[in-house]
Amino acid sequence: MHIACRNLHYTYPGADFPVFSNLDWSIEGPGFFALFGLSGTGKSTLARLISGELSPMQGDINIPNAGRVLYTHNAERIPGWDTVGAHLRSVTPASKIPLLTTILKDYGMEAHLESRFSGLSMGQKNRINLARYLVQEFDLLIADEVLANVDEPTRNHILERLKTLFPQKTFIYISHNALEVARFSQTIHVLTHGSTAGTNRIHKITGLDQQEGIEIPEELVQERVYAILRSAASTSEPRL
Amino acid sequence: MRTLKRLFQFISIYATALGLLWGVKIVYGFSDYLIPPPLEMLQVASQNGLLYVKAVLDTLAVAIAGHVVAIILATAVGLVGRLSTWPGNLTRTAAYNLQAYPIVAVAPIIFLFLGDGLASRLLIAAMICYFPLLLSFIGIFAKPVEEVEHFFRITGRINWRLELSIRTFENLDKITTVIVGSGTMALVGTIIAEFLAATNGIGYIIRKALYQSNLAKILVALFLIGLCSSLYLSFIETIGGWIKMRLYGIRSSPYNQV
């Protein structure tokens, strides 16, 4: 799956400054990619533009094979009238029920299916939300801070399993965790603040793409983390 | 429990107000004619109690009927008002403008056309509580609950019934509060209608007592009105609470969470 944004411009209604102007960016899937950046650099805005939730004011976004793009974020909830299990069953296509069972087992959520969503911890809510998206038909899933409240070992396990279970899908994983994106991503796309509002740019850094059962030396991870953080803190142009 | 609490609150307020009235009477030396003594109130209650209870139940029945009509109508119009197309825009604009007009002012016209019977009282009761209900319902039905609706929208599952279910469920507390508040207004509307021209109900009894300058009768009538409205409102709250408990599930009800 090839996604290309060209000359993208977006300003929120009522805002004084654009989030982006003349932004060019592309990724070539399948694979696990990360979108990293400091707060306010426009990661979620870019995700919503790609998923079609927002429309660019100028420029265009090309997804040539018209693949199905889903976008999920960590503030999502399931309707409170159903138990978690009932909701998951109601939104999972029959052909994906075995996959749902596998995912719930992987995520350690089997024991919580009779609970209401409001009764779960934040980390459990994150896992259930991600699970229901993974059993939908999609070509690209943009996951915006979806594991923000999950503990690190579980998060690592989830990301590894994600890559094993969905090798042909494209993921754009938005996170503030440099260690995590350095370790698991194929490429880290770092959004930086421009010298002036709206001149944000994206730097690409090659990630370590850790797979299930393969350990990556810590020194390598640290090296990538520094590169990512340096890039995130830099501006795309000299500050005026 | 909720009913007892409401009754206790009302009786406390009523007793305090009565105490203040009698305190003013003693301090300023007002006559029994102006402010009746407790004994006279008891006599009025024992002589006219049954008649007053019937009258207040009559008023309450009309208020409940008017309230139900207003809720049904506000729900139906609210469903149109939530739309972003021209019927929705028209409904919203009309509702916002009409609610600014004091509905009581058109009550005489209603009596002119419909006479002083049940229909006028019912219509006035319904009209007085209709607009606050409508504005709230439009607000609730039109505002997306983004964090719940997002999944259904992006996966192509959303439809108007699901959207409505989500918004209603997420705003059950607000809806219950609005319905309880409008219940009081329905009762007020009915009593105002009875004050103005009707020939039945507790408002009519108060109007007659006013012509006779009989404060004892008015105070007894007010006591019965307060008692009945407390019971009715706590009944609505109980129904709302029961619905929420059924929908949220007892184990994970927000009421059981800290």
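Because the structure is predicted, anything quoted here is derived from the model rather than measured. Below, chain A is the first sequence line, B the second, and so on; all start at residue 1.
- Proximity to chain B (any heavy atom under 4.5 Å) is shown, for A/Phe138, by neither the backbone nor the side chain.
- Between B/His150 and A/Tyr133, the angle of the ring planes lies from 30° to 60°, which puts this pair in the tilted group.
- The contact between B/Phe169 and chain A is made entirely by side chain atoms (from C-beta outward), counting heavy-atom distances below 4.5 Å.
- Contacts between B/Glu149 and chain A at a heavy-atom distance below 4.5 Å are absent for every atom of the residue.
- Within 6.0 Å of NZ in B/Lys5 there are 12 or fewer heavy atoms belonging to other residues, nucleotides or ligands.
- Donor-acceptor pairing under 3.5 Å is lacking for the side chains of A/Ser44 and A/His73.
- Checked by atom type, the side-chain pair A/Asn149/A/Asn126 shows a donor-acceptor distance below 3.5 Å.
- When only modelled atom types and interatomic distance are considered, A/Tyr12 and A/Thr45 share a side-chain donor-acceptor pair under 3.5 Å.
- Of the two parts of A/Gln136, only the side chain, counted from C-beta on, holds a non-hydrogen atom closer than 4.5 Å to a non-hydrogen atom of chain B.
- When heavy atoms are compared at a cutoff of 4.5 Å, A/Glu137 does not approach chain B at all.
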